[in-house]
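Remarks on the structure that follows.
Chain letters run A, B, ... following the sequence lines, proteins first, then strands; residues in each count from 1.
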There are 2 protein chains.
Amino acid sequence: MVQIPKAAAPSSTTPPLPHSVPTSADVARLAGVSRATVSYVLNNTSAVRISEPTRRRVRAAAEELGYVPHAAARSLRAGHSRIVLMPTPAVPMGPLYHGFIDELQWALGRLDYTVVQHGSVGLRGEEAARAWAELRPVAVLVPGTGIGPEGVAVLRRSGARAVVTIGPEAVEGAHAVLLDHHSVGHRAGAHLYARGRRRIGVVVPEERGLGVFSRPRLEGVRRALSGTDGTVTELPLGYDEESAARLAARWRALGLDAVFAYNDEYAMLLMRALQDVGLRVPEETAVVGADDLMLGRLLRPRLSTVHIELPAGRDLAELVDRAVRDPGGAPERRTVRGATVVHRESS
Amino acid sequence: MVQIPKAAAPSSTTPPLPHSVPTSADVARLAGVSRATVSYVLNNTSAVRISEPTRRRVRAAAEELGYVPHAAARSLRAGHSRIVLMPTPAVPMGPLYHGFIDELQWALGRLDYTVVQHGSVGLRGEEAARAWAELRPVAVLVPGTGIGPEGVAVLRRSGARAVVTIGPEAVEGAHAVLLDHHSVGHRAGAHLYARGRRRIGVVVPEERGLGVFSRPRLEGVRRALSGTDGTVTELPLGYDEESAARLAARWRALGLDAVFAYNDEYAMLLMRALQDVGLRVPEETAVVGADDLMLGRLLRPRLSTVHIELPAGRDLAELVDRAVRDPGGAPERRTVRGATVVHRESS
DNA sequence: TTGAAAGCGATACCAG
DNA sequence: CTGGTATCGCTTTCAA
């Protein structure tokens, strides 16, 4: 552990500042009052009346010293924090997800929570949960499948009053926002079938970690076509031009008349490659993406897509807040079924 | 402030757990040793030799109770944290930036820092700095222009051993990674001029907050053309199809033969709109983007772009680590000049 | 209206 | 080798 001398010998570049961080005791000393009074004034404690002159002296002293309260000390004393922890997913997420996180963060901020994104490098399961628990968050929002029942238990034991998973499956003991990837695939499959397509390809990204999302989407397409004369073909695809070109090269051999491309970005990649080998979209092959990015509207043909209605950041923030206030409540499971096909020109 | 009873009356759904969080004292009690010994064992303190049987008893007790150390208490005692704070920029950032952040977070994690992203809702300048300072981070990485010299001073006074700004301009007292947007524009301008274009438009996004980046880029184009027979026209553009369509509708009237579109996303938006009104790219109008996203390679014509060489997350992480270990060192200013034109088909 | 003091959880010194 | 104990910065009774 690094040694930090409490007061370094003033270097020549920093003349007059031995530079120890001011505490409330320093403020008290300067204002000529007790630390208690400082606390009362700075927190506007209503249960106690402090004379106006005293208040002014305290505030002035705090200002002069540049006093900033110490969050860790405060929450140690209080016995709880306002930290909402969000592990950063190891998987590269798209713009849809990033937008969602931004909104959520903003909404939680409004409710006076401090959002902490924690990149847990290479830790998994219980080990990761333990690392998160050290921060004693009041709530934990876990995207994807970064946690199991044991992990949830660890967090609850460490005082987390709410654990919410955001992903394809629920976890014992935690609240869950269930992103129904299955229905995303199902909608896409049904749409393509309804438009007369029968031999349907489904892109499965090769990027590791995406399987959690792509598998249920694939499964959804399968389900949509089961019992019909339609067939489903799995198409591994890496997110790069060569991979797409390779796939496009053997496209005619595959004999497919439609493809659900996992999401809009893979769809753009693949559609481009198909057009480059002379395939006509949608005449010879229909293409459907997902996520409804701006991008899709700009393609020619305009990309059909599955619009996914993520929960508003505000709603999720309120779910968290409710769970924190009533930690005894039964785990809420909220399934997001907002998948709808946006039919444009590519299908 | 919310009142949280220390031990809630066990609700009917949670039968046998009054559920107070285990502390090192609990572990000590269960293991039949003192808290000191627990600390020694759990931290593998080498200065002190503890007998193997005792170690086992302590570890077993910790395991049984599900003990997790309390980060706040620890760093309170230690007098410093390993927190690196990164305020989330209020401005919507693109995939380039998100990738950079991910990498940085990962690299800092490897150096055993805890990265905390803090969404400071609506706070600005010194006020924001104060909110950040409450967490007593050992270092603060500020993207964009979220902080001034006073803010830096607040953070340093609160014990931050390194403040690094990542953006277009340096701030007194802080280390700086200078993203040279000026040269991005300059490169684009010079490229277009060299290819015979003379009446050059420059897209300026209407989205608020992007001005910090777009202004220097515009200025760079101006500089590249100053003293030549080329002209520069400022083109406000919102990130939506209508705005692009409006701009495209009056394009011929503008009499431009080239446009630097701020970045690849705006470039795609605009190029699409131009093509939709029958303009040929690049014959009638050349288009250049920036950021070198995958997206650009997929467009037809393939999008020329300015590739921006962001510092590797690893390098920046090392800069932070160095600054933390030697807080007296003079502020490093590292200018990122890695802007190079990638000439494809649209120019 | 203000002050003294206890204590949150963990660590590290100094005795034993 | 192990156990008291002071301490980090802050809040909050309880007394004065």
For A:H80 and C:dC8, what is the distance between atoms NE2 and P respectively, to the nearest whole Å?
16 Å

Is there a side-chain contact between A:P69 and A:S24 (heavy atoms, below 4.5 Å)?
no

State whether A:S75 places a side-chain N or O below 4.0 Å from either non-bridging phosphate oxygen (OP1 or OP2) of D:dC10.
no

Separation of B:L65 atom CG from C:dA10 atom P, in whole Å?
12 Å

Given atom CZ of A:R77 and atom C1' of C:dA6, what is their separation to the nearest angstrom?
8 Å

A:Y67 OH to D:dT11 C1', straight-line distance once rounded to whole Å
10 Å

What residues form a side-chain contact (heavy atoms from CB on, under 4.5 Å) with A:D321, not counting sequence neighbours?
A:L111, A:Y113, A:R325

Is it the case that atom CD in B:E52 sees more than 12 heavy atoms from other parts of the structure closer than 6.0 Å?
yes

Please report the end-to-end axis angle for the helix from C:dT1-D:dA16 to C:dG16-D:dC1, five pairs per end, rounded to 10 degrees.
50°

Using whole Å, report how far CZ of B:R57 lies from P of D:dC1.
15 Å

Winner on side-chain proximity to A:H70, out of C:dT11, D:dC1, D:dC10, is D:dC10

Residues that A:T165 engages under side-chain contact (heavy atoms from CB on, under 4.5 Å), provided they are two or more places apart:
A:I147, A:V171, A:A174, A:A176

Check whether any side-chain nitrogen or oxygen of B:T23 sits under 4.0 Å from OP1 or OP2 of C:dC8, and answer yes or no.
no

What residues from residues 25-50 of chain A pass a heavy-atom cutoff of under 4.0 Å to DNA chain D?
A:R35, A:A36, A:S39, A:Y40, A:N43

Under the side-chain contact (heavy atoms from CB on, under 4.5 Å) rule, collect the residues that match up with B:D112, sequence neighbours excluded.
B:R82

Can a side-chain donor-acceptor contact be found between A:Q105 and B:T88 if the only test is distance below 3.5 angstrom?
yes

Take atom CD of A:E134 and atom C1' of C:dT11, then tell me their distance rounded to the nearest Å.
15 Å

Check the phosphate of D:dT11 against A:R74, side-chain N and O only, distance under 4.0 Å to OP1 or OP2. Yes or no?
yes

Testing the basics here: between B:S81 and B:P137, what is the closest heavy-atom pair and its distance to 0.1 Å?
OG-CA, 3.9 Å

Can you establish whether the number of heavy atoms outside B:E332 located under 6.0 Å from its atom CD is more than 12?
yes

Within the structure, does a side-chain N or O atom of A:T54 lie under 4.0 Å from either OP1 or OP2 of C:dT2?
yes

Can you give the donor-acceptor pairs under 3.5 Å from side chains of residues 27-35 of chain A to other protein atoms, not counting sequence neighbours?
| unit_1 | atom_1 | unit_2 | atom_2 | d |
| --- | --- | --- | --- | --- |
| A:R29 | NH2 | A:D26 | OD1 | 2.6 |
| A:S34 | OG | A:A36 | N | 3.3 |
| A:S34 | OG | A:T37 | N | 3.3 |
| A:S34 | OG | A:T37 | OG1 | 3.2 |

